[in-house]
Number of protein chains: 2
Amino acid sequence: MVNFTPVKQIKASDEIGNQLRNAIFEGKYLAGDKLPSERELIELFQISRTVVREAIKGLEASGLVEIKQGAMGGAFVKLMTFERLTNVCQELFTMEKMSFAEVCEARLQIEPMVAKLAAQNCTPEMAEKLREASRNEEHILDYPDTVYLRQKVHYILADMSGNRFLAAIVKSLLQVISKATAKFEPSHEKVHPAGLHDAIIAAVIAQNGSQAEAEMRKHLQEFTLMLDAVEKEYRYTEK
Amino acid sequence: MVNFTPVKQIKASDEIGNQLRNAIFEGKYLAGDKLPSERELIELFQISRTVVREAIKGLEASGLVEIKQGAMGGAFVKLMTFERLTNVCQELFTMEKMSFAEVCEARLQIEPMVAKLAAQNCTPEMAEKLREASRNEEHILDYPDTVYLRQKVHYILADMSGNRFLAAIVKSLLQVISKATAKFEPSHEKVHPAGLHDAIIAAVIAQNGSQAEAEMRKHLQEFTLMLDAVEKEYRYTEK
DNA sequence: GATACGTTAAATGTATGACATATGATATTA
DNA sequence: TAATATCATATGTCATACATTTAACGTATC
């Protein structure tokens, strides 16, 4: 039996898309750089404009480049950020690949760890940032901004962990949760009164890792309970 | 000052892409469903084929649909899976948005937790699966398959956690690590001798959560050390 | 000289028509 | 009945024309 291998008819647009994608991954084009224009790509690949455009459209859709039109326009390589991770998490939640309970549990597992790491890395500057964020928690703005102020401490702690991946996960989960709960705009006094982070902050500033971890866990458990209560009430008043 | 808002000139292809995307998110089209054909979309949106094709290409690139050509072909909605999360992690690592050390640390933080959850949920059937995976760890196949056999226990434990998000994170990290280390194909006897998971498995089957956690942590610390050593040796022999 | 304005050029965006190719369904034939 | 040819329906590619957007340059006006 001869070992023939099936030929895969790859679409020209995919082929070109892949070549450009790899060039970006290999650092041939850095963030901010402009890919060759459509005309140039037509020349380079000896292929029709349709194909070139569809290839670039694919890169744009997968978030690798941003297209600007007009003179000096073109496909510019975007700075890769952890935003993409957040988007995927959001989509997975929207498509019901993970439940609200799972998201909350994941957070409950991960954030205490992150708080512990933050405590181990705490510097005086970071301590001051935490205090400031804590003071600002009292302010009431419009809904999304208020949510952001309440979450600020979590964001700072995530960054203090010194681990960009863990930080991104924590932030992604936070965003999924706030977006999911936004529809019934829970009142902050009920679900998240000011000063709720004080114990965590104190422990972190004292560089007491295990206590920071414990306080964070306690905080998240309480928060989840409160959220549950508010959500039940919301469903009751709606029906 | 009148409150004029800037008009955003949205591209037709993006507009249509968004409408289709939202329809999918809202469940108007389920996994396996076929979107209207290009002709139909032209009619529906009263727009050129160019635009329709670019819109669909965008959906394909973001992994929402799969395009089949030929009769009975078209754009079919893909089943959303956690594979997308893995891909993003891989890309973030490739683009150096997170270091190997960060990936290892994240794993060291998360997997012990997952092992603990797995222990709490362990059933007799799961126990048997673990034992079987452990037995198969001795086999030596070609490189990637061998790696898979060595990791199988981790995959099973991840699923046993009962939390699809945590499971997906663990699997993603595993894949990033194995892909990153594949280039110097570390010999398994050195870096990951068979039987290394025995203590973890025993603790999980005994439903002893805290011990499973501790054993997993110990295992990962040892594994990281061995990996470091092998990597140093590799760099030495290369230069 | 500074500012407003028009012109131009370079790039992407859209429309249209033609043909190529892939592929399932169906009819035809040995 | 089974292989084969044909057909219909999709998507894939090409080519051309025109529209639109936008930065840069030049020019007139004050």
Side-chain angles (χ1 to χ4, degrees), chain A residues 4-21 23-24 29-78, chain B residues 4-21 23-24 29-78:
Chain A
F4 291 123
T5 59
V7 296
K8 53 175 177 180
Q9 270 290 20
I10 191 168
K11 287 191 290 181
S13 55
D14 288 340
E15 169 64 23
I16 292 176
N18 285 335
Q19 288 199 35
L20 291 172
R21 183 183 306 265
I24 294 173
Y29 296 102
L30 301 177
D33 287 358
K34 186 170 106 87
L35 298 187
S37 71
E38 293 180 357
R39 302 270 163 84
E40 292 169 302
L41 290 173
I42 291 171
E43 279 302 312
L44 288 172
F45 292 108
Q46 287 296 312
I47 210 153
S48 79
R49 195 171 163 218
T50 313
V51 169
V52 167
R53 282 187 59 80
E54 288 188 5
I56 300 230
K57 187 75 190 177
L59 295 184
E60 188 195 23
S62 39
L64 283 180
V65 304
E66 180 180 16
I67 300 176
K68 285 197 272 232
Q69 53 172 325
M72 301 290 103
F76 294 86
V77 177
K78 283 218 290 188
Chain B
F4 291 123
T5 59
V7 295
K8 52 173 179 181
Q9 269 293 21
I10 191 168
K11 287 191 292 182
S13 54
D14 288 339
E15 168 65 22
I16 292 175
N18 285 335
Q19 288 199 33
L20 290 171
R21 184 184 305 267
I24 294 172
Y29 296 102
L30 302 176
D33 286 358
K34 185 172 106 91
L35 297 188
S37 72
E38 293 180 356
R39 302 267 166 87
E40 291 170 302
L41 289 173
I42 291 171
E43 279 301 312
L44 287 172
F45 291 108
Q46 286 296 311
I47 210 155
S48 80
R49 194 173 164 214
T50 314
V51 170
V52 167
R53 281 188 60 82
E54 288 188 6
I56 299 231
K57 187 76 190 176
L59 295 184
E60 188 194 23
S62 40
L64 283 180
V65 304
E66 180 182 15
I67 299 175
K68 285 198 272 232
Q69 50 174 326
M72 301 293 101
F76 294 85
V77 177
K78 283 218 292 187

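Order of the sequence lines sets the chain letters (A, B, ...), proteins ahead of strands, with each chain counted from 1.
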### Message
What is the separation between atom CG on Asp14(A) and atom P on dT11(D), rounded to the nearest whole Å?
### Response
15 Å
#### Entry: Interface residues of residues 40-48 of chain A with DNA chain D (non-hydrogen, below 4.0 angstrom)
Ile47(A), Ser48(A)
### Query
Is the closest side-chain heavy-atom distance between Ile16(B) and Ile47(B) below 4.5 Å?
yes
### Members of residues 57-75 of chain A that approach DNA chain D, where some heavy atom sits under 4.0 Å away
Gln69(A), Gly70(A), Ala71(A), Met72(A)
### Task
Measure the spacing between CZ of Arg53(B) and CZ of Arg53(A) and express it to the nearest 0.5 Å.
12.5 Å
### Message
Students should find this one: the first and last nucleotides of DNA chain C, 5' to 3', lying under 4.0 Å from a heavy atom of chain B. What are they?
### Response
dG13(C) to dG24(C)
### Query
Can you tell if the side chain of Gln19(A) reaches within under 4.5 Å of the side chain of Phe45(A), non-hydrogen atoms only?
yes
#### Entry: Rounded distance in Å - CZ (Arg53(B)) to P (dA15(D))
16 Å
### Query
Arg49(A) side chain N/O closer than 4.0 Å to the phosphate oxygens (OP1, OP2) of dA15(D)?
no
### Task
Using modelled atom types only, decide if a donor and an acceptor are shared between the side chain of Glu40(A) and the backbone of Ser37(A) within a distance under 3.5 Å.
yes
### Check: Ile10(A) and Asn18(A) side chains under 4.5 Å, non-hydrogen atoms
yes
### Nucleotide dA15(D), atom C1' - distance to CD of Glu38(A) in whole Å
14 Å
### Closest approach of Ser62(B) to Ala61(A) (non-hydrogen atoms, all atoms of both residues)
CB-O, 4.0 Å
### Query
How many Å lie between CD1 on Ile10(B) and C1' on dT21(D), as a whole number?
16 Å
### Task
Report the residue (Thr50(B) or Lys11(A)) whose heavy-atom-nearest nucleotide on DNA chain D is the more 5′ of the two.
Lys11(A)
### Query
Does Asp14(B) use its side chain to pair, donor to acceptor, with the backbone of Lys11(B) at less than 3.5 Å?
no
#### Entry: Donor-acceptor contact present, side-chain Lys34(B) to main-chain Gly73(B), <3.5 Å
yes
### Query
Gly63(B) and Lys78(B): which non-hydrogen atoms are nearest, and at how many Å?
O-CE, 3.5 Å
### Side-chain heavy-atom pair Ile56(B), Leu41(B) within 4.5 angstrom cut-off
yes
### Query
Should Leu35(A) and Leu59(A) count as side-chain neighbours, where that means a heavy-atom distance under 4.5 Å?
yes
